[in-house]
Amino acid sequence: MVHIITGDIHSGKSTRFLNLYSQGNREVGLYAKKLYSPDQTIAGYNLVLLPIMDEIPFICLKESVASHGDYYMQGRFAFWKEAFKKGEDYILGSPSEKAVWIDEVGGLELKGLGFDFLLRTLIDSHRDVTFTVRTSLLKSVLDRYNITEYILL
């Protein structure tokens, strides 16, 4: 079954994600942990592998990368390609009976990048998956992955 946590930008999707995840049975997941600069603006994100809590550098501000080759650029952020691969390997290497949690599915996946292959694989194999997505992208994500049965959380 597909479960979707949806909301607008900065509406608490990730907080809800963590709260619901913590109530579960030690499923596996990928959480985008915000990193703040000294002035409390968002400086980037680390990818946290759940439940083991390993952190991988994930997203930074575009101006902080010297070469764009190792990154996907979107908006003001640079997404490290290798972090997606590490997250994908972690999830696909986990037992297939474990539910999967992903924070978040967005514009990169809609372009066939980011966690696109992972999400497609999980849905095609009918694995239980919960993910966050912005309300404005929900219909596009449902269409891209041919998701017709889902529960909004």
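Here, residue 1 is the first one in the sequence, and each next residue gets the next number. Since we're looking at a predicted model, the values are computed, not measured.
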### Task
Determine the interplanar angle of the F115 and F84 rings, folded into 0 to 90°, and report it as parallel if under 30°, tilted if 30 to 60°, perpendicular if over 60°.
perpendicular
### Task
Would you confirm whether D103, through its side chain, and T132, through its main-chain N or O, come within 3.5 Å as a donor-acceptor pair?
no
### Message
Taking side-chain hydrogen bond (donor to acceptor under 3.5 Å, both in side chains) as the definition, give me every residue that meets it alongside D89, ordered by chain and number, with sequence neighbours left out.
### Response
K85
### Query
Any sub-3.5 Å donor-acceptor pair from S125's side-chain atoms to T121's backbone N or O?
yes
#### Entry: Joint hydrophobic cluster, L119 plus V48, side-chain heavy atoms closer than 4.5 Å
no
### Query
Which heavy atom in D70 sits nearest to a heavy atom in W80, and how many Å separate them?
O-CD1, 3.5 Å
### Query
Would you say I4 and L18 are hydrophobically clustered, going by side-chain heavy atoms of ILVMFWY under 4.5 Å?
no
### Message
Within the 3.5 Å criterion, strictly below it, is a donor on N46 or Y31 matched to an acceptor on the partner's side chain?
### Response
no
### Query
Taking C-beta and beyond as the side chain, do R76 and L61 meet within less than 4.5 Å on heavy atoms?
yes
### Donor-acceptor contact below 3.5 Å, side chain K13 vs main chain D8
yes
### Query
Should K33 and E55 count as an ion pair when the cut-off is N to O under 4.0 Å?
yes
#### Entry: ring pair (Phe, Tyr, Trp, His ring centres under 6.0 Å) between F17 and F131, intermediate numbers included
CA-CA 8 Å; F17 172 94; F131 62 85; over 10 Å; no
### Task
Measure across S94 and V28 and return the closest heavy-atom pair with its distance rounded to 0.1 Å.
OG-CG2, 3.5 Å
### Message
When you measure from the side chain of R16 to the backbone of G7, do you find a donor-acceptor pair of N or O atoms at a distance under 3.5 Å?
### Response
no
### Contact summary for L118 and E88, nearest pair of heavy atoms
N-OE1, 4.0 Å
